Structure formats: structure tokens, C-alpha cells
Amino acid sequence: MEHFYRDTWVEVDLDAIEQNVTNALRLYKDREMNLMAVVKANGYGHGAVEVSQAALRAGASYLSVAFLDEALALRKAGIDAPILVMGLVDAEHVQLAIKHRITLTVYQLDWLEQAISRLHTRDKLAIHLKLDTGMGRIGLRREEDIRSCMDFISSHECFELEGVFTHFATADEKDLTYFKKQCQRFNQWLEYIREWQLPIRYVHCGNSAAGLRFPEKNFNMFRFGIAMYGLTPSPEITDELPFPLKQAFSLKSRLSNVKKLPKGEGISYGATYVTEGAEWIGTLPIGYADGWIRHHSNAGGHVLIDGKRAPFVGLICMDQCMIRLPKKHSIGDTVTLIGESDGKQITMDEVAKRLNTINYEIPCVISWRVPRIYFRDGQIISVKNNLL
Ligand code: PMH
């Protein structure tokens, strides 16, 4: 087990990840469904290796990441499950993908041509064809381009067209007009693709929102990201989720200093906060270099200490910040920045709302300076400290 010596850490509840995956798959118990666990960005900041293992234990059959390095990191950690890279990988690296059995996303004829010049006759490169039905990011958009890619793929045996997919831009919104338009396009474009009669194993379009809200719209795979981590795809549809999600991520710290200040004393750079009376001020060893960005101090944020709320005061520094304590506390007392403390909770959604962003962003930006502790059955099963 790795060690760490600082008094700020993340706790990841792997049972929560497993439970969210199990519950999602249960929605599809009457038919074939593959769950692709989206573990890009280091598992949305939770830790890609540990999350992948938990998701696979609970029945996920595929993993996906954003770029090749993330896939290689999983292989290096001994993960054997199929992995799809959902972003562009330079055709120069196709041999690396084959060597490590990594599936690539394809959406350009040029790319296929470049790849073929680097493939040997007996190579098999697994690919998923990406269609841009309205996300406007990457993917094929025109019938003739889809057809020319299909011609090329079907006439070169080194390509194994294992999947076809698209990505929704608004599956997490109440208004379904745009979502329906994307579904309709995807269905129509799949018709073209079926003309080649290739045995395509996976067809996938759904993210968490579509996977949970519209089982009938998903083919035989969906890509489960945010909800696997126990976070709602958007506050707008929380009431529509078919089961309660269990948040896996908590962020904790311990007081590194406690002092009583009289009225009129300034706190932190710029002395922007001045005590309003005699106040107990606590210092926490977490700052913006840990991803606890400076905006927390202006945005009226709180932490929990013994289940009571304590506000941030003064500007967040690089490695430290200050809070106003409800009463005298001791150095070493635990403080919860995200998660539960004595039956009270600060959710990821609360933190995201305070910062005027989405819950996805919060765990992603808690930097790798902050060690992660992994729990299963209430026991610590591993610790990750990227510094040592
Ligand atoms: N599929 C693709 C192609 C994605 O980009 C994402 C998330 C998912 C599936 C999973 O979505 P979910 O987390 O809503 O379940 N991608 C991103 C993104 O690029 N920015 O925020 C989320």
C-alpha cells in the first residue's frame, strides 16, 4: 500500500461505483446490454485503474478513455478488458494500438488511408466508426463520407469494424427535441452502414443520461460516465433517474492551525476578509494547486466540521486556506470539503453550483497532488499517492 504524509486526501467509495453499475445494468436485465465504463480523465478524477476494476467487477464489459496515453496507462496497470479511445489517435500509432489491443475511433477517410500504409497484411485493428449526429465535435456527418469510409473499411481486412457510435449533446435536458433529431439521424445513418452487411458487434449512442432515461433508445451498449461516479448528469433530470445514485468521491482535510482573533484582523493575501468580532479561525492544508480554486473563497463556500458548516474566509492560497470555525477546535480535527460529516452533506452538485459549473468538473480538477484512498466494504483497500 502506498503512503502519504499530508493532511488532505480524497476518499473513493468503490462500493458506490459497483452499486451504480449494477443498478444501471439491472435496467436491461431482460435483454443484451453492454456497459462501457467511461474512465477518461483518470476516471473523472477518481482514479482510472481502481474505477475500471470496480466497474468490471460489477459487470462492465468495455472501458473508454479520451486518448491513447490513457489507454496505455490502463494496460500498464494490468487491465486486460477491451478499451476504446474515443478521441483522435494519430494514424502513426496504429501499431501501438494493435500491440496493446486498443480499439480506435475512426471518422476520416484520410486517416484510414494513412493507417493502411502502416498496417501489415495479417494485422487486425479494431475500430469504432464515429458519427456526428449533432454534437458538432468529431465524427462523420455526410452520407457520402460515411459511404466512402465503409467502402474503404470493407475492402481492407486489417480493419475490424467492431462498433459504430454517436454522442448526444442534450440527452440530459427536459426538452427532447434535439435529442430526438440526433436519434433519428443515427438510425438513418445506421441504415446506410447496414448495406455493407458487416458483422458489427456494438452499436452505441447513450451516455449516462440516455442510458438511464431512455433504455429503448440504446442499442446493445451504452457509455456510462458521470452516473457511474454517483453524480447526476444534470440537476434538471435528477427526478427522472430510475434509482438513487451513490456519490463515490469525498474530499477531506485536517486543521493545521487554529487561533482566536479579535475583531478587525485581516485574513490571507490582500486581507480581503476582516474579522467581524472575536472569531476562531482554522487553517486547512489545501489550496488552488490542489484544484481547490480561488473562486471558492469569493463564492460563499463552506466545509463541514462535526456536521456543522464553516465558511471559507479570505482568499485561497496555493496550498492553504482559512475557514471561520463555529467554535474552538483542535489542530488535526477532520474537515469535509465534499462528502458527509455527522449525517450532514456537501454534495458535488452544491460545490458545482457555487462555482457556477457542472459536477463533472469538480472531481476532475482535484489535482494528483491530493492522494486518493480507496474503500471497499468500509475497509481501505489501496492508497494512491502520485508524488512518491
Ligand atoms: N461518451 C463520450 C464520447 C463522452 O465524451 C462522454 C463524456 C461520455 C460518453 C460519458 O458521458 P456521461 O459522463 O454524461 O455519462 N464526455 C464529457 C465531455 O467531453 N465533457 O464532459 C463530459
Side-chain angles (χ1 to χ4, degrees), residues 16-17 20-21 23-25 27-28 33-46 48 51-52 55 60-68 70-71 82-89 103-107 127-141 163-173 178-179 182-183 186 202-215 217-238 240-243 245-249 348-349 352 355 357-365:
I17 305 266
N20 296 325
V21 168
N23 283 332
L25 279 171
L27 301 174
Y28 295 91
M33 181 50 74
N34 292 279
L35 185 146
M36 177 183 271
V38 184
V39 296
K40 60 181 178 165
N42 204 11
Y44 292 32
H46 294 60
V51 169
S52 297
S61 45
Y62 225 111
L63 304 170
S64 63
V65 294
F67 48 86
L68 188 57
E70 291 185 325
I83 305 173
L84 171 68
V85 175
M86 298 187 292
L88 178 66
V89 173
T103 310
L104 301 183
T105 292
V106 170
Y107 51 90
I127 55 174
H128 286 208
L129 194 68
K130 177 80 189 275
L131 306 181
D132 178 7
T133 54
M135 177 69 186
R137 196 163 61 176
I138 55 173
L140 293 159
R141 293 188 71 102
V164 176
F165 74 114
T166 193
H167 189 51
F168 292 123
T170 63
D172 60 346
E173 291 180 9
Y178 198 79
F179 170 75
Q182 282 198 265
C183 288
F186 190 48
Y202 302 113
V203 176
H204 47 116
C205 54
N207 49 6
S208 295
L212 298 180
R213 290 173 88 194
F214 311 112
K217 297 282 189 215
N218 295 284
F219 293 77
N220 64 352
M221 175 179 265
F222 68 104
R223 304 183 303 276
F224 201 46
I226 196 71
M228 174 171 68
Y229 302 97
L231 305 174
T232 177
S234 110
E236 216 176 296
I237 55 145
T238 307
E240 283 184 45
L241 297 177
F243 55 86
L245 298 171
K246 193 153 190 259
Q247 185 174 309
F249 187 104
M348 204 72 81
D349 286 336
L355 297 180
T357 183
I358 51 172
N359 54 15
Y360 292 67
E361 196 175 350
I362 307 299
C364 282
V365 302

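Just so you know, these numbers come straight off a predicted model, no measurement behind them. Numbering of ligands and ligand atoms starts at 1, following listing order. Computed from heavy atoms alone, side chains included, the values below leave out hydrogens, waters and symmetry copies.
- For a threshold of 3.5 Å applied to N or O pairs, the pair formed by F224 and ligand 1 contains no separation below that value.
- When the heavy-atom distances from atom 5 (O) of ligand 1 to R137, H204, M36, K130 are ranked, the shortest goes to R137.
- Comment: E70 does not engage K40 in a salt bridge, judged by the lack of any side-chain N to carboxylate O separation of less than 4.0 angstrom.
- A37 approaches M228 most closely through the heavy-atom pair CB-SD, 3.7 Å.
- Contact detail for M36 and M221: the closest heavy-atom pair is CE-SD, 3.8 Å.
- Residue M86 has at least one heavy-atom neighbour below 4.0 Å for each of these atoms of ligand 1: 1 (N), 2 (C), 3 (C).
- At least one heavy atom of K40 lies less than 4.0 angstrom from ligand 1.
- Of all the heavy atoms in Y28 and G211, the pair that sits closest is OH-O, 2.6 Å.
- Distance from atom 6 (C) of ligand 1 to its nearest protein heavy atom, with residue and atom name: H167 CE1, 3.6 Å.
- Of the protein's heavy atoms, N207 CB, 3.5 Å lies nearest to atom 11 (O) of ligand 1.
- If you check which protein heavy atom lies closest to atom 15 (O) of ligand 1, you get S208 OG, 2.5 Å.
- Contact atoms of ligand 1 toward Y44: 7 (C), 10 (C), 11 (O), 12 (P), 13 (O) (distance under 4.0 Å to a heavy atom of the residue).
- Considering only non-hydrogen protein atoms, atom 14 (O) of ligand 1 sits nearest to Y360 OH, 2.6 Å.
- What you find for T166 and L131 is that their closest heavy atoms are OG1-O, 2.6 Å.
- Between G225 and ligand 1, an N or O atom pair is found at a separation short of 3.5 Å.
- Aromatic ring centroids of F186 and F219 lie under 6.0 Å apart.
- Looking only at heavy atoms of the protein, atom 1 (N) of ligand 1 is closest to R223 NE, 2.7 Å.
- Two rings, from F249 and Y44, have their centers 6.0 Å or more apart.
- For atom 20 (N) of ligand 1, the nearest protein heavy atom lies 4.0 Å or farther away.
- Pairing each heavy atom of D172 with each of S234, the nearest pair is O-OG, 3.0 Å.
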